[in-house]
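The structure appears right after this line, and notes come after that.
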Amino acid sequence: GGPCGPMKRSDDGGRTWKPLTVRAGRDGEIHLNHIFASSDGTLYIAAETGAAFRSTDGGANWTSLLTGASGSLWSGTVLEDGTVLLIGMTGRVLASRDRGESWNALQTGTEQSFTSLAETGDGGFLAVGTGGTVLRVEPGLANVRATIRPDRQNLAALALRPDGRP
């Protein structure tokens, strides 16, 4: 991948900015697609080429996470129970219950790419993506079920109602 542009960080509410480097050299040129945080303040980045990163110090230092994936990871979230999720190309959903030290791939039953996800009020989650794909995963990563909307429209974002329901 080509350069994604400079990533900057501010420690004073945006008054001043300084460069933020996740990886050095050519490896630092991959696209960083989504940054998200857990409730304890740990930061995660989903990136291209199956790359993911974790920071426990507010983004000052980053650890590369070995996801085992090769395609782009486009988004992620941390569930209330601490499970870290990454989603991306070819129906990929990766789950880690140990803050990214190890990953399990969920069998989604689809090759459509996922673009957005959100935890539902019951502790499960929904993901949406290309070709009208909607993935529902019940609490505990159980009962993974992908469906295709009849209009087959690409879905780029997902918003839940205030009660956490789709």
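The first residue of the sequence shown is numbered 1, and numbering continues consecutively from there.
- In this structure, Asp40 pairs ionically with Arg99, as a charged nitrogen and a carboxylate oxygen lie closer than 4.0 Å.
- The pair Asp81-Arg97 does not meet the salt-bridge criterion, since no charged nitrogen lies less than 4.0 angstrom from a carboxylate oxygen.
- Here the closest heavy-atom approach between residue Ser55 and residue Ala60 is recorded as OG-N, 3.9 Å.
- How far CZ of Arg92 is from CD of Gln112: 14.0 Å, rounded to the nearest 0.5 Å.
- Glu80 places a side-chain heavy atom less than 4.5 Å from the side chain of Glu119.
- Here the shortest heavy-atom pairing between Ile30 and Ala51 reads CD1-CB, 3.6 Å.
- With hydrogens and angles left out, the side-chain atoms of Glu111 and Thr90 include no donor and acceptor closer than 3.5 Å.
- Following chains of ILVMFWY side-chain contacts shorter than 4.5 Å, one can reach Leu141 starting from Ile87, so the two form part of one hydrophobic cluster.
- No side-chain heavy atom of Val84 sits under 4.5 Å from any side-chain heavy atom of Thr42.
- Ring planes of Phe36 and Tyr44: parallel class, angle under 30° (limits at 30 and 60°).
- Side-chain contact between Leu32 and Phe53 is present, with heavy atoms from C-beta onward closer than 4.5 Å.
- Counting heavy atoms from C-beta on, the side chains of Leu86 and Thr67 come closer than 4.5 Å.
- In terms of hydrophobic clustering, with Ile, Leu, Val, Met, Phe, Trp and Tyr side chains grouped at heavy-atom distances under 4.5 Å, Val134 and Leu160 are assigned to a common cluster.
- Atom OG in Ser113 sits 12.5 Å away from atom CG in Leu155 (nearest 0.5 Å).
- Grouping the Ile, Leu, Val, Met, Phe, Trp and Tyr side chains by contacts below 4.5 angstrom, directly or via other members, places Leu94 apart from Leu106.
- With salt bridges taken as basic N to acidic carboxylate O contacts below 4.0 Å, one links Arg54 and Glu101.
- With a 4.5 Å cut-off on side-chain heavy atoms, Leu85 and Leu79 count as touching.
- Between Ser102 and Ser96, the closest heavy-atom pair is O-OG, 2.8 Å.
- Other residues, nucleotides and ligands contribute over 12 non-hydrogen atoms within 6.0 Å of the CZ atom of Arg9.
- Residues Leu66 and Trp103 form no side-chain contact, since every pair of their non-hydrogen atoms from C-beta on lies 4.5 Å or further apart.
- In terms of heavy atoms, Gly59 sits closest to Leu43 at N-CD1, 3.6 Å.
- Using modelled atom types, one side-chain atom of Ser10 and one backbone atom of Thr16 make a donor-acceptor pair closer than 3.5 Å.
- With contacts defined as side-chain heavy-atom distances shorter than 4.5 Å, the pair Thr108/Arg145 does not qualify.
- Ala127 and Phe114 make their closest contact through CB-CD2, 3.9 Å (heavy atoms, listed as atom of the first residue, atom of the second, distance).
- For the pair Leu135 and Thr110, the minimum side-chain heavy-atom distance is 4.5 Å or more.
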Checklist entry - Where do Arg136 and Asn143 land on the side chain to side chain contact (heavy atoms under 4.5 Å, CB included) test, with the steps shown first? => result CA-CA 8 Å; Arg136 176 177 262 302; Asn143 195 18; over 6 Å; no
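- A continuous path of hydrophobic side-chain contacts links Leu117 to Val93 [ILVMFWY only; heavy atoms under 4.5 Å].
- Residues Leu126 and Val144 are members of separate hydrophobic clusters, defined by side-chain heavy-atom contacts under 4.5 angstrom among Ile, Leu, Val, Met, Phe, Trp and Tyr.
- Asn154 places a side-chain N or O within 3.5 Å of a backbone atom of Gly131 that can act as its donor or acceptor partner.
- Atom CD1 of Ile45 and atom NE2 of His31 lie 13.5 Å apart (nearest 0.5 Å).
- Rounding to the nearest 0.5 angstrom, the gap separating the OG1 atom in Thr133 from the CZ atom in Arg149 is 10.5 Å.
- Atom-to-atom distance recorded for Asn33:CG and Ser72:OG is 6.0 Å, nearest 0.5 angstrom.
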